[in-house]
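Below, each value reflects all heavy atoms present in this structure, side chains not excepted, and no hydrogens, waters or symmetry copies.
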Amino acid sequence: MKRANFSNPWMPLLFLLPQLSIIAIFFYYPAVQAMQSSFYLEDPFGFGSTFVGLRNYVETLLSDQYRKAAIFTVVFTFLVSFFSLSISLLLAYKADKVLRGGSTYKTLLMWVYAVAPPVAGLLGVMYFDQSFGLFTYFVADFGWDFKLGVDYYDTATAMVVVAVWKQVPVNFIFFLSGLQSIPKSINEAALIDNNSGFSRFWTITFPLLAPTAFFLLIINITYALFDTFGIIDMLVKAVPANNPMTLVYKVYLDGFRGNDLGGSSAQSVLLMILVLILTVFQFRLIERRIHYT
Amino acid sequence: MQVTLKNITKTYGNNVQAVKPVNLEINQGELIVLVGPSGCGKSTILRMVAGLEDITGGELYIGDRQVNHVDPADRDIAMVFQNYALYPHMSVAQNMGYGLKNRGVTKDEITQKVRDAADILNLSEFLDRKPSQLSGGQRQRVAMGRAIVRNPSLFLFDEPLSNLDAKLRNQMRIEIKKLQRRLGVTSIYVTHDQVEAMTLADRIVVLNGGVVEQVGTPSEIYNNPASLFVASFMGSPPMNLINLAKPVTHKNDKNELKLVNKLFGSQDHNNIQIGIRPEKVQYTYDASENSLPFTIDYTEELGASRLMHGKIADQSFILSDTSETEVKSNNIHLSFPAEALYKFDNETGRKIEL
Ligand SMILES: Nc1ncnc2c1ncn2[C@@H]1O[C@H](COP(=O)(O)OP(=O)(O)OP(=O)(O)O)[C@@H](O)[C@H]1O
Ligand SMILES: [Mg+2]
């Protein structure tokens, strides 16, 4: 790599400034604020705040609703990551065999990625809505009375389906390029060594895809935790009622709908800690077992 | 195991007929080398035998079994690839044992067989390493090891040595030959290197544009080339060819051509090429009745031999000689022993019997 020499020692700082200020303004500043306000009880009408120590945390952790949302978040994240990864891997594996190099399909599939989460949510509403949803009509014929926004499990199903649908194309593209980077002759050597396609996949293809899969796993967990906000908001129409929700959505709901800034700040600090633990865990435990070529 | 190709053809999707009907009978234990210029269809034929490429037409037999539609893993073959195609996430031992494991061989037996193969190939100390931790030559050995542990009835090699440096290539070539003799496994070996072909083969198949030009032992191919293509492709330096039908304008060249024509007594049929191997040409310093004057343009010293380049009738001509004797003059006279001459028909490219 070429080494740059700056005559002025402030020069590098100048180049870093845009990035640093973005991080400072959009991450550190709000993070510090959240930490601060998590120790205060805000007056609902904004007339002042009282220092309450760890009360917000204790209340959050003891709350039934928080526990419920936490469990749902775990299940939701697991389901979304699992299905979007496995469906896209299956599609990519099949596609790889027929379309070495063909890019039209890739582009077509990639379009879904360009759909903004709220729009994806809106599309989901079209399908799952109680009065005009296509899916609702369809399953009604089989005797399933699908009630989006009313029935807990029906809403959860819709959330998972829409979230998966939106994430599959991204994963697909990554998996496909991962598959295409495996040398042809390795697949051919395997073809001679092993006559079971299933076993070939798990002993050769999958281990060689592991770096891609690991990377996508992190991306997908992050996506399910944080980026599904818009989808959930559309599907539950900001009406919590009995609906399932993720922890991130609950932060928003409690803070901006419930005007409980202190409690919601405590929740977001807890989320930050969770993400930190998760990241360390992922890199420490999983990365070590993966072969990078 | 005997291998038979009956009218095997291959047409790729873009309607390129890469292999025209090929017939070949390979005997048990024989090492057959497919040789030819780039794009002549060598790899395609090998890959059809391996089952990695569909056979467009014809029949392929391994032993008595027709295998056109048999999966590669069920053909009882092993293949060594040009880039070795080792599994990067497996150790050397796992690489070699993978094919056995999938065939239900017990763990102990796999360990034993892998160890034996590693012994033969001097790989014992590397069994726990990953391919990325090996040198090119060692990877090549692992690829060989992966082929021999399975004890298949047919080995297929697709330019397995072309990624090695010249010295290692020579060494591995000898090892492959020894190993093949020792195991007695029928083998098909693809290369575009004619020296490799000559030294390795029991029989050589010379291919050109998807067509088999000639099948024969190395000495048959060298001493009795069936066509212009074989004559010019096999041998280093290649055979000298003088095209008697070549139009020449220069008066001197014309005279020379006439002289050549007379020397070779080919007045009956002028559309031919005359061939002679460089080492069969004899030279003297004085003209004689059946000699041709020749000017040496430049000389190439090869150590054991010496190549002298010049022109006859404006067509390049090489003679080779041992380097022991010194050449005293650049103007010499060539003579051509009748038994070393070849005649080829310009139109068909085939050899004309003298
Ligand atoms: N997958 C393919 N699709 C279309 N044409 C192909 C394909 N593979 C090979 N060919 C064509 O078939 C012909 C023979 O190819 P092949 O790979 O057998 O050559 P080769 O003799 O092995 O050459 P080389 O010495 O360069 O490896 C070539 O003209 C090539 O362009
Ligand atoms: Mg080839």
Holding to salt bridge (charged side-chain N to carboxylate O under 4.0 Å, His left out), I want the full list of residues that pass it with B:Glu59, two or more places apart in sequence or in another chain. none
B:Tyr87 side, atom OH; A:Asn187 side, atom CG - distance, nearest 0.5 Å: 9.0 Å
CZ of A:Phe226: more than 12 outside heavy atoms within 6.0 angstrom? yes
Give a yes or no answer on whether the side chain of B:Arg75 reaches the backbone of B:Val70 with a donor-acceptor pair at less than 3.5 Å. yes
Most contact-rich option vs chain A, by heavy-atom pairs under 4.5 angstrom, among B:Pro72, B:Ala50, B:Ala73, B:Gly51, is B:Ala73
B:Leu24 and its side-chain contact (heavy atoms from CB on, under 4.5 Å) partner, picked from B:Ile8, B:Leu5, B:Leu60: B:Leu5
At under 4.5 Å between heavy atoms, what parts of residues 139-159 of chain B are in contact with chain A? List them by residue number. B:Arg146, B:Arg150
Give the ring-plane orientation class for A:Phe201 versus A:Tyr93, where under 30° counts as parallel, over 60° as perpendicular and anything between as tilted. perpendicular
Check whether A:Tyr223 reaches the backbone of A:Ala163 with its side chain - one donor and one acceptor, N or O, closer than 3.5 Å. yes
B:Tyr84 vs B:Asn163, test: side chain to side chain donor-acceptor pair (under 3.5 Å). Steps then yes/no. CA-CA 9 Å; B:Tyr84 317 137; B:Asn163 284 351; 4.7 Å; no
More than 12 heavy atoms of other residues, nucleotides or ligands under 6.0 Å from OH of A:Tyr127: is that the case? no
Sorted by first residue and then second, give each salt bridge (Lys or Arg N to Asp or Glu O under 4.0 Å) pair with at least one member in residues 36-52 of chain B; sequence neighbours left out. A:Glu188-B:Arg47, B:Arg47-B:Glu53
Answer with side chain, backbone, both or neither: which region of A:Ser196 has an atom nearer than 4.5 Å to a non-hydrogen atom of chain B? neither
List the steps, then state whether side-chain contact (heavy atoms from CB on, under 4.5 Å) holds for B:Val212 with B:Leu207. CA-CA 5 Å; B:Val212 174; B:Leu207 287 161; 3.7 Å; yes
Residue, of A:Asn195, A:Ile192, A:Ile186, that accumulates the most heavy atom pairs under 4.5 Å with chain B: A:Ile192
If contact means a heavy atom pair closer than 4.5 Å, which residues of residues 98-108 of chain B contact chain A? B:Tyr98, B:Gly99, B:Asn102, B:Arg103
